[in-house]
Structure formats: C-alpha cells, structure tokens
J.: 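Before anything else, here's the structure in question.
Being a predicted model, the structure only gives us computed values, none of them experimental. Both ligands and their constituent atoms are indexed starting at 1 by order of listing.
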Amino acid sequence: MSDIGVTTKKSENFSEWYTEVVLKSGMAEYSPIKGCMIFREQSYAIWEKIQEVFNRKIRMMGHRNVYFPMFIPESLLKKEAEHFEGFVPEVAWVTEGGSSKLEEKLAIRPTSETIIYATFAKWIRSWRDLPIKINQWCNIVRWETKATKPFLRTREFLWQEGHTAHSTKQEAEKEVMDILNEYRDIMESYLAIPVLVGVKTESEKFAGALETTTLEAMMPDGRALQMGTSHNLGNNFAKVFGIKFIGEDEKEHEVWQTSWGISTRLIGALVMVHGDDKGLVVPPKVASVQVVIIPISYKNVDSNAILRKAEEILKELKANSISAVCDDRTEYTPGWKFNDWELKGVPLRIEIGPRDLKNKQLTVARRDTYQKVIIKEKEAAKETKTLLEEIQNNLYSKARKTLEEKTTLVKDYREFKKTLKEKGGFLRTSWCGSSECEENIKEETGATIRLRPFTKEESKSNCVCCGRKAVEMVYFARSY
Ligand code: 86X
C-alpha cells in the first residue's frame with residue numbers, strides 16, 4: 001500500500017491510526033522538543049474557527065480579550081501553594097536571561113490565575129469596578145511526565161482561559177453555567193461531538209475551586225475525554241490575593257470569581273470521533289474548506305470548457321458563503337486528488353467531467369458516507385448547502401449513537417469490572433458519595449468518576465463499591 005494514505009484501520013489499532021491520521025492529513029508534525037508538537041495548517045485552521053466562534057459568543061456576553069505575560073515570578077506562583085501544590089512538579093522554569101542568572105526564577109505559565117488575580121487586586125476597589133470579565137488566548141506549558149500524544153497531551157498547548165470577578169455569588173454561579181452552555185454549543189453544534197455535562201467530585205475538581213463543572217466526551221476506544229471546564233472559585237482566590245471591594249452597603253466584601261477553559265485538545269477529539277480509515281472527516285461548520293471542486297478532463301477533450309465551468313461553480317459557491325476551492329493542478333491525477341482531499345477531511349467533493357458538462361450536472365461525493373449524488377448545475381449552491389447541513393447532522397447523530405452505545409448502566413461491582421474490561425465507555429452506577437470508594441475503584445480498575453449529573457439521578461440500589469446506601473448515580477470511565 002502507498003505510504004501517502006492511512007494504512008492502519010481505525011478498528012484494528014486505534015492509537016496507531018490516530019497518529020497516522022494527524023501526521024498524514026497535515027494536522028500535526030513532530031518537533032525537535034520531546035512532548036511538543038507543531039500545529040500545522042490543517043489543525044490551526046480548525047483552532048482559528050473555534051476562536052472565531054467562541055470570541056463571538058463571549059463578546060456578546062460582555063467579555064473582553066486581554067494578554068498577560070507568560071512568565072510568573074516564583075513568589076507569586078507559590079502564594080497559591082495550597083491550590084497548586086500537586087501541580088508543582090509540572091512547572092517549567094526560566095532561571096537565566098542572556099548570560100546572567102535571574103534573581104528570582106520565573107515559571108512559564110501552567111495557567112494564569114496567580115498573575116491575573118494579583119492584578120485584579122489592583123483594579124478592584126468598589127462595586128462599580130465589577131464585574132470584570134476577561135479572556136485570553138495563549139500557550140500553556142506543563143512539563144508532563146506521562147506519555148504525550150498530539151493534541152491530547154503535549155507539554156505546550158494552546159487554550160483560552162477566561163477569568164471573571166463578580167460582586168455576588170449568584171452572578172458568579174450564573175457565569176459558570178452560561179459559559180458551560182456556550183462550550184456545549186461549540187462541541188455539539190460545531191464540532192458535532194455530543195458531551196455529558198455535570199459536576200466533578202471533591203477529588204477530581206480543581207483544588208482552587210468551590211465547584212468544577214465539566215464537559216466529557218466518549219472516544220471510539222471507550223475512553224472518556226474532558227473537553228472543557230468551568231469553575232466556580234467562590235472567594236478562595238479573593239482571600240489569597242486580597243481582592244476586595246466596597247459594596248453599595250459601604251462595607252468591605254471579597255469578590256466572587258470564575259475561571260474556565262478549552263484547549264487544542266478539542267482538535268484531537270474531533271479527529272478521534274469523526275475520522276475514518278481514509279483519514280480526517282471535518283464537520284462542515286468548522287471546515288476551512290467545505291467543498292473542493294475537481295475538474296476531470298481527459299487529454300484535452302473539453303478541458304478548457306470544464307475548467308471554465310469549474311471556475312463558474314466556484315464563484316457561485318463563494319457568492320453563497322460556501323468555502324470552496326478548485327483543485328486545477330495538472331501535475332496530479334483526479335484519483336490522487338480524491339485521496340488527498342479525503343485524507344484532509346473536506347466534507348464535499350464536486351466532480352465535473354465531460355458527461356457532467358454535457359448534462360449540465362455536477363457529481364457530488366460526501367466525505368461522511370462516500371455517497372455520490374448528481375445535482376443540477378443550476379442548483380449548485382442550494383444543494384451544496386443542504387448537503388453540508390446533512391453531513392453536519394449525520395456526524396453528530398453518529399457520534400451521539402456511539403456515546404449512547406458506550407454508556408452502560410451497571411448494578412454491581414462484578415458487572416462494573418466486566419463492562420469496563422470488555423467494552424469500556426461510561427459506566428452509569430450508584431455511588432455512596434465517599435472519596436474512599438472512589439479511590440478504591442480507581443486503584444482497582446483505573447476508572448474515575450467523570451461527573452455527577454446536574455440533576456441528581458436518585459439511586460434505588462446500593463453503592464457499587466461498598467454496598468452501603470447510595471446517594472446518587474454517577475458516570476465512571478477510564479479517561480485520556
Ligand atoms: C488547573 C484551572 C483553570 C483557567 C482551568 O481549568 C481553566 C482555565 N485555569 C487549571 N490547573 C492548574 O492550576 C495547574 C497549576 C500548575 Cl502550577 C500546573 F503546573 C498545572 C496545572 N494544571 C491545571
């Protein structure tokens with residue numbers, strides 16, 4: 001088999017298939033630094049789409065973008081010792097500048113709470129200064145010791161981090177949920193990846209938060225992937241950084257805060273969920289190229305007329321806000337181009353050959369189903385739009401079906417272990433609420449509680465681990 005295309009089957013060796021797809025499709029490239037990857041054209045374009053969509057959403061909610069330094073003085077990071085203790089082994093440091101040793105070493109940001117909240121303390125005096133709602137797009141460095149994987153776990157990655165400060169607890173709580181809902185919309189309506197949403201347990205939440213909410217997706221290999229988080233920070237950071245304001249009541253109060261983030265990890269999820277044996281499949285709403293037009297002419301017969309037709313269709317699609325390109329390269333055969341665009345995941349391919357030209361028709365091939373349909377040349381824009389919508393919906397329903405198939409209600413520990421071993425996925429089960437049982441299960445099976453649903457699902461059975469009375473139903477899984 002040629003080494004241009006994907007040679008591993010998704011169903012046979014998922015991990016190898018994934019690596020092959022991200023490299024060969026032009027999404028990722030390895031770098032000279034262990035654990036750091038290059039985000040190539042095909043993946044960066046998707047990241048820019050995510051940025052575009054999320055920026056629009058948060059602007060409407062009243063957030064503004066900012067940029068803070070990537071260096072955090074050690075003393076500032078250590079101020080938060082309690083909340084960051086577990087993370088310290090992952091911090092990368094700068095100790096020298098030019099040829100001189102720094103007086104104080106600088107952390108390369110693993111997240112920006114400390115530098116941003118130290119600054120909030122300067123900005124906030126009165127209730128009139130609130131709320132503050134800011135966001136930044138930046139790179140983050142965490143010196144992972146676990147095995148890295150392109151997009152899912154790299155030592156440097158890209159994300160957005162939102163940070164807000166409010167005068168009331170209710171306002172902060174609402175902010176956490178509003179952001180969570182916008183995240184859900186990006187994941188489900190744009191990336192076509194269904195997610196479960198809920199609350200993290202005490203042991204899984206961010207130590208600096210009162211409550212961590214999460215969005216979790218299911219990958220085809222049965223492992224869960226955290227897609228984003230939105231934290232209610234309460235007054236925890238206000239206490240450490242002295243972020244106080246004089247209220248309308250003329251008394252001093254601590255601010256109520258939130259923080260939230262999504263990262264380039266989402267791109268990895270998109271590859272895993274939608275990709276197939278021929279490569280990437282990009283949902284139309286985040287595809288930078290939605291349609292590729294391929295003129296097919298044999299040895300000059302009609303070739304000029306076909307090219308002109310292709311240009312005409314291209315213009316027509318663009319005029320209708322469809323992102324299209326015409327691949328008129330002569331140095332490649334149509335067959336080679338088909339494979340190449342399939343590998344890159346372009347949702348629709350329009351072929352124009354002599355017969356199409358003669359019949360005033362277009363042959364359209366769907367990336368998701370490989371189905372070919374003939375459409376009238378005159379209806380190119382309308383039909384293309386409809387097909388793109390159908391592809392978007394089909395990708396979502398397929399992923400939804402997988403999520404449902406991979407969610408199992410388990411009644412006892414024997415069933416829990418058996419299901420986890422044989423099929424993986426989400427295990428919906430009863431839990432007594434103790435960290436002890438949670439820890440035992442993690443030790444014994446590697447599965448963790450991914451979330452507690454927002455609307456408590458009452459349980460009539462006993463805890464899957466200890467057999468005592470259960471307080472609620474939760475979702476366990478092995479995860480990335
Ligand atoms: C937790 C919390 C929070 C803003 C988010 O989840 C979304 C965006 N931040 C991030 N977290 C850390 O605080 C952290 C800290 C250090 Cl020092 C580290 F090395 C790694 C970390 N990982 C996660």
J.: With sequence neighbours excluded, tell me which residues meet salt bridge (charged side-chain N to carboxylate O under 4.0 Å, His left out) with K406.
T.: none

J.: Does a sphere of radius 6.0 Å around NZ in K423 hold more than 12 heavy atoms from other residues, nucleotides or ligands, not counting ones at 6.0 Å or beyond?
T.: yes

J.: Which residues satisfy the ring pair (Phe, Tyr, Trp, His ring centres under 6.0 Å) test with Y190, sequence neighbours excluded?
T.: none

J.: Can you confirm whether or not the ring centre of F157 sits under 6.0 Å from the ring centre of F151?
T.: no

J.: Would you please name every residue forming a ring pair (Phe, Tyr, Trp, His ring centres under 6.0 Å) with Y413, sequence neighbours left out?
T.: F416

J.: For ligand 1, find each of its N or O atoms that sits under 3.5 Å from a protein N or O atom, and tabulate the pairs with distances to one decimal place.
T.:
from, atom 1, to, atom 2, distance (Å)
ligand 1, 6 (O), T229, OG1, 3.2
ligand 1, 6 (O), H231, NE2, 2.7
ligand 1, 9 (N), T111, OG1, 2.9
ligand 1, 9 (N), E113, OE2, 2.6
ligand 1, 22 (N), R142, NE, 3.3
ligand 1, 22 (N), R142, NH1, 3.2
ligand 1, 22 (N), R142, NH2, 3.3

J.: Would one find more than 12 heavy atoms of other residues, nucleotides or ligands at under 6.0 Å from atom CD of E48?
T.: yes

